[in-house]
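Data block below; observations after.
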Protein chains: 2
Amino acid sequence: MATHQNAEVILFPKHARQPTQHKRWLATILQTFQEHLVRQGLNLTRQREEILRCLMSADRHLSVEEVYDALKKQDPTLGRATVFRTVKLLQECGLVAEVGALNGRSKFELKADRPHHDHMVCIECSRIIEFQSPMMERFQDEAIRRQGFVALWHRHEIFGRCKNCQRPRRS
Amino acid sequence: MATHQNAEVILFPKHARQPTQHKRWLATILQTFQEHLVRQGLNLTRQREEILRCLMSADRHLSVEEVYDALKKQDPTLGRATVFRTVKLLQECGLVAEVGALNGRSKFELKADRPHHDHMVCIECSRIIEFQSPMMERFQDEAIRRQGFVALWHRHEIFGRCKNCQRPRRS
DNA sequence: CCGAAAATGAGACTCGATATCAATTTCATA
DNA sequence: TATGAAATTGATATCGAGTCTCATTTTCGG
Ligand SMILES: [Zn+2]
Ligand SMILES: [Zn+2]
Ligand SMILES: [Zn+2]
Ligand SMILES: [Zn+2]
C-alpha cells in the first residue's frame with residue numbers, strides 16, 4: 001500500500017490536505033470560477049457556488065442528476081436546468097471535464113489543478129479508475145504532430161473489468 | 001506521398017484492391033456476418049445485407065441516420081429501427097465499431113479485418129482522421145496490466161482542428 | 001405447401017439534454 | 001438606499017437519439 005508507483009490516482013484526496021490547505025484550495029478554485037464569470041459579465045450566484053462546491057467535495061465522478069439530487073436536499077428550489085447550465089460553464093472555464101460513461105449519462109470530474117489522466121471504466125461495477133502514463137501521452141503527442149493536427153482535448157477510456165469484478169460470470 | 005511511414009490510415013481503400021479481390025473481401029465479410037447470425041438462430045435478410053453493404057462501401061464513418069437515408073432511396077420501406085437493430089448486431093459480432101462523435105450522434109466504422117487504430121476528430125469540419133501508434137498501444141497495455149484490469153475495448157479520441165481547418169477563426 | 005419462429009416497420013415511448021419564458025435576483029449607478 | 005437594465009433562475013415544453021411494442025410479413029425447415 002505504500003508503493004505509490006502503481007497507485008491509483010485518488011480523486012480529491014482531502015485526507016492528504018491540511019484543513020487550512022483545503023480551505024485555501026477551495027477558495028482558489030472558487031476565485032478561478034468567479035474570474036471566468038466576471039470576464040464574461042456574469043455573476044457568481046449562490047446556486048453556481050453550491051454546484052461547484054458539490055463537485056469539489058465529491059470523492060468520485062458525478063452525473064448532473066447526482067449533483068442535482070444531492071443539492072436538492074438542502075435547497076429544494078434548485079432546478080435541473082441550472083445544474084446543466086452551471087456544469088457547462090465549469091467546462092468552458094476548464095475547471096470541470098466530462099468523463100463519458102457507458103449509458104448515455106455523462107459523468108463529470110473536477111480538473112482544477114489535478115494532473116492530466118485517463119480512465120478505465122469497469123463495465124460490471126461502473127467503477128472509474130484514473131491512471132497516468134506519461135509515455136503514452138508522449139507518443140500520442142507525436143502522432144498528433146505527425147498529422148499536422150492541433151489537439152484541444154482528448155478522451156481516452158478503456159472499458160473492461162476491474163480487479164474486483166473478474167470472478168466467473170453468472171449464467 | 002509515397003512515404004507511407006506517416007500515412008493516414010485510409011478507410012476502405014477500394015482503389016487499392018483489384019475488383020475481384022474486393023468482391024472476395026465483400027463475400028468473406030458477408031459470410032462472417034451470416035455465420036454469427038446462424039450461430040444465434042437468426043437469418044441474413046435482405047435488409048441486413050443491404051445495411052452491411054452500405055457500411056462496407058462507404059468511404060467514411062457513417063451515422064445510423066446516414067445509413068438510413070442512403071438506403072431509404074433504393075428501398076423506401078426500410079425502417080429506422082431495423083438499421084439500429086442491425087448495427088447493434090454488427091457490433092456484437094465485431095464487424096462494426098462505434099466511433100463516438102461530438103454531438104450525441106454516434107458514427108460507425110467497419111472493423112472487419114482492419115488493424116486497430118484510434119481517431120482524431122476535427123471540431124470544425126467533423127472529419128475523422130484514423131491513426132495508429134503501436135508505441136502508444138504498448139504503454140496503454142502496460143498501464144492496464146499495472147491496474148490488474150481486464151480490458152475489453154477502448155476508445156481513444158483526440159479532438160481539435162485538422163490540417164485544413166487551422167485558418168484564423170471568424171469573429 | 002404449413003406453421004412456428006424470426007424479422008420488419010410504424011409509431012409510441014424513454015430519457016438526457018436544451019430552449020423558452022415569466023418571475024426573480026443581482027449589481028452598477030444615481 | 002432606490003432604480004432599472006441585465007443576468008439568473010426554475011417550471012415547463014421541446015428536442016432527438018435510441019429503444020420498445022406489436023400487428024403484420026417473411027423466412028425456412030419439415
Ligand atoms: Zn491522456
Ligand atoms: Zn468493477
Ligand atoms: Zn488504441
Ligand atoms: Zn477539419
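All values below come from the heavy atoms of this structure, side chains included, with hydrogens, waters and symmetry mates left out. Labels below follow one simple rule: chain letters A, B, ... track the order of the sequence lines, proteins then strands, and each chain is numbered from 1.
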Without decimals, in angstroms, what is the distance between [X] [atom1] and [N] [atom2]?
X      : N      : atom1 : atom2 : value
B:K107 : D:dG18 : NZ    : P     : 12 Å
B:R85  : D:dC22 : CZ    : P     : 14 Å
B:K88  : D:dA17 : NZ    : C1'   : 12 Å
B:R105 : D:dG18 : CZ    : P     : 8 Å
B:N43  : C:dA4  : CG    : C1'   : 12 Å
B:L44  : C:dA7  : CG    : C1'   : 12 Å
B:L37  : C:dT8  : CG    : P     : 10 Å
B:L42  : D:dT26 : CG    : P     : 19 Å

N/O donor-acceptor pair under 3.5 Å between A:R53 side chain and A:L30 backbone: no
When rounded to the nearest 0.5 Å, the distance separating NE2 of B:H156 from CD of A:E157 is 10.5 Å
CG on A:L95 to CE on A:M56, rounded to 0.5 Å: 9.0 Å
Close side-chain approach of [X] to [Y], heavy-atom, < 4.5 Å:
X     : Y      : result
B:I51 : B:T82  : yes
A:L89 : A:V96  : no
B:V64 : B:R80  : no
A:L62 : A:F108 : no

Between D:dG10, D:dT19, C:dA17, spot the one nearest the side chain of B:F84, thanks. D:dT19
Which nucleotide in D:dT8, C:dA17, C:dG9 has an atom nearest any side-chain atom of A:T45: D:dT8
Looking at DNA chain D, which of residues 63-78 of chain A put a heavy atom within less than 4.0 Å of it? A:T77, A:L78
Where along residues 46-54 of chain A does a heavy atom fall under 4.0 Å from DNA chain D? A:Q47, A:R48
Decide side chain to side chain donor-acceptor pair (under 3.5 Å) for B:Q140 and B:E137; before the verdict, give the C-alpha distance in whole Å, the side-chain angles of both, and the deciding distance to 0.1 Å. CA-CA 5 Å; B:Q140 177 183 236; B:E137 301 291 337; 2.9 Å; yes
What pairs of residues pass the side chain to side chain donor-acceptor pair (under 3.5 Å) test when at least one of them lies in residues 85-100 of chain A, not counting sequence neighbours? A:E98-A:S106
Please tell me if B:S106 has a side-chain N or O lying less than 4.0 Å from either OP1 or OP2 of D:dG18. yes
